[in-house]
Amino acid sequence: MFELLSEPIRRYVREQHWDGLRPIQSASIQKVMQSEDNLILASRTASGKTEAAFLPILSRVDFSEAGVQVLYISPLIALINDQFFRVEELCKHLDVPVTKWHGEASQTLKNRLVKDPRGVVLITPESIEAMLVNSEYKAKGLFSNLKFIVIDEIHAFLGTDRGKQLQSLIFRLRQLNKGNVRVIGLSATIGSFDQAKDMAGPENTTKILLDPNGKEIETDFKYFEQGNLSELPLALIKDLYLNVCNNKVLVFPNARGTAEEVAVKLHRLSEKVGGHPHYYSHHSCVNKEWREYIEEFAKNNERFPFTIACTSTLELGIDIGSVDKVVQINATHSIAGLIQRIGRSGRRNNETSKLSLYATDPWNLLQGLACMTLFKREKFVEPIEYTEKPYDILLHQALALIRQFSECTQDELIHKLSVNAAFKHITVDEIKEIVQHLQQTDMLEFIGGKLIIGVEGEKITNSKDFFSVFQTETYFRVQVQDKPIGEIPLTHFTTVDQNILLAAKIWKIIDIDIPAKKITVIPAMDGKKPVFAGSGSGEVHPRIRREMLKLLIEDNVEMPPLSDDAKEAIRQLRLEFEYYKIEDFEVDRPLKVQVKEMFWYSFQGTRINSTLSFLFKAAGIDHEWWDVESKFRFATGNFELIVQQAMKVYDDLDSHLVKKVLNDPTELSFSKFGHHLPFKYQVLLVKDKRYDFAGAMDFLSTVNISQVNVLPQP
DNA sequence: GACCTGCTGCGGCTTG
């Protein structure tokens, strides 16, 4: 395939002294050079996907033409800054200019590009939106002669509101171009590629190039019971310290507060025993400059071991070099996330990836095991959940289109929305109803036969917050003297004289300036982890819960290596379930009946559990539920009857939903623009995005109860 | 009892 590349690019490849082209690179070179297809390149992290896309693109495109030829879209500014150096290095051989275009990029360089639009541009979806909305002429000058759009980390967009917006933006960009614009998506291995194909273009124009080879994964599972403690057990911290102190390690504790706790405690232990000082925390609330310093340290340092306690900020493709080992504290909610995290270790060739999982309760241990066994046995990764009718994103795009074109007739607007591939499942009548509602609520105004932005619409579209479709909370800046160290939400725990952990250090709050949203701190000796108010929407797929049941019931199940304590925790949990007759893991479910209450284990995914709870509540059945255990508590009674009553709710589902959405405004809190929709569509959005009624009903109609009566000991 | 992501244009200021 090497011969297909242009001479300057071949020279570049020779200068790199690579052993040869990777499989994904060869496949991509052939398809980019010899077909007109859109492509999805899927392979594990650090397998050279960026080069796989850019080597043939740079070989094929004629950069002497006016206008930007290649648009690279990334979900993160940090990734753009990272990739800029690699792409620029490639482009040097061709004298092709590369420009960063995002909110923090140089205005001067952007202006220079507008005057002489050429080469490659690296951009975020929000910056594309801003440009189309505020200055369409600029977008036309820059992007009306595009040949390729490259979407990096496309899996980060799939199934999300931001992904729908991006799909619509790609459609709007294609409308500026007369010629064909090819889309190339770069992806980690994911469960299904239909959504990725859908984003790239019309059906049958997109080919998937998949390199399924992963690295060997070495795991060990440990168990340290936390019980009712609000902190991690001391024994866990001590064991963890011995595990990490001589290695380069990422620790993922699933929460920002716990990341701080881990970083501070390891650091303190290390100080006591005379170990190294390189213990850091890295998450969204740590000051950006400090985060960049940590990333640089990890990337450039060869000699020193280090440990970074982090959240999903270090899960995506930012290059932090080689890590020896990954530690996960308690289970991830998805297999996709687990594999992505594990993939950060052993990045040099031929090294295996290493994972230690520390569980602090038996159900988390079981869920972690289930994720691992499912992946190892079947290579199972969750399919991508998506909304067929994203009415809220359509509303946002309707306002954006009116801003983009200043004015248009109602028919023009409806047409622009209905032909947009992002909204292909929403009918013309539905679009019409939403557009008319926007006029009734002064979001749009009808003047001289044309629609323009109305008084209420101005308030929304004039804010710089308009360009993104996701919500954000307000945080208070935390600073010591005048140096910023990060930010935290203001909760009732945040008071003067309180001590908090942030950026792997302990601080005492000495002042809170509410109007300025500023908290001043000084160093302290001791403190509690900060409280971040979580919204709690991590969803576990039903397949994982079914695997958990299987691990509890089946004899001679194959398990990865477990510590003695972990073995014992699993043994105890299996004992609790040994008397249930479970043969079909899809439908047989345990019911434990006691004198006053009974417990039903659904072993279902989070979304179905939450839908079941909705149905029980609507049927007037008192209950409580816990997702990790997928356990429901009822008063002792006839369970068959409970199932029947819950299923009956479905006959009159819409009126129950209407009641729920009317009485509980938080039902729609997942959507930034949803409350501007006609009420009917707010209900439909809640029905589709929050719940899975089809799945829940299917489960209730087939579930088979295995009952065990537990009587009090005499 | 999750996590993460991004941001125009303009006026007026300081600094090299």
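These figures come from a predicted structure and were not determined experimentally. Residue numbers begin at 1 in each chain, while the letters A, B, ... track the order of the sequences.
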Check your understanding: Want to settle it: does A:Ser312 or A:Asp627 sit nearer the 5' end of DNA chain B, counting the closest nucleotide to each?
Key -> A:Asp627
Whole-Å distance separating the [atom1] atom of [X] from the [atom2] atom of [N]:
X	N	atom1	atom2	result
A:His155	B:dC4	NE2	C1'	12 Å
A:Leu158	B:dC4	CG	C1'	15 Å
A:Leu338	B:dA2	CG	P	18 Å
A:His333	B:dC3	NE2	C1'	8 Å
A:Glu153	B:dC4	CD	P	16 Å

Review point. Do the rings of A:Tyr358 and A:Phe224 sit parallel, tilted or perpendicular, given the 30° and 60° boundaries?
Key: parallel
**Study point:** Contact state string [nucleotides 5-16 of chain B, B base, S sugar-phosphate only, - no protein heavy atom under 4.0 Å]
**Key:** BBBBS-------
Practice item. Check for a donor-acceptor pair, side chain of A:Ser630 on one end and backbone N or O of A:Phe603 on the other, with a separation under 3.5 Å. Key: yes
Practice item. Examine distances only and state if a side-chain atom of A:Glu261 and a backbone atom of A:Leu232 form a donor-acceptor pair shorter than 3.5 Å. Key: yes
With a 3.5 Å cut-off and no angle check, do the side chains of [X] and [Y] form a donor-acceptor pair?
X	Y	answer
A:Ser613	A:His623	yes
A:Asn420	A:Gln397	no
A:His333	A:Asn254	no

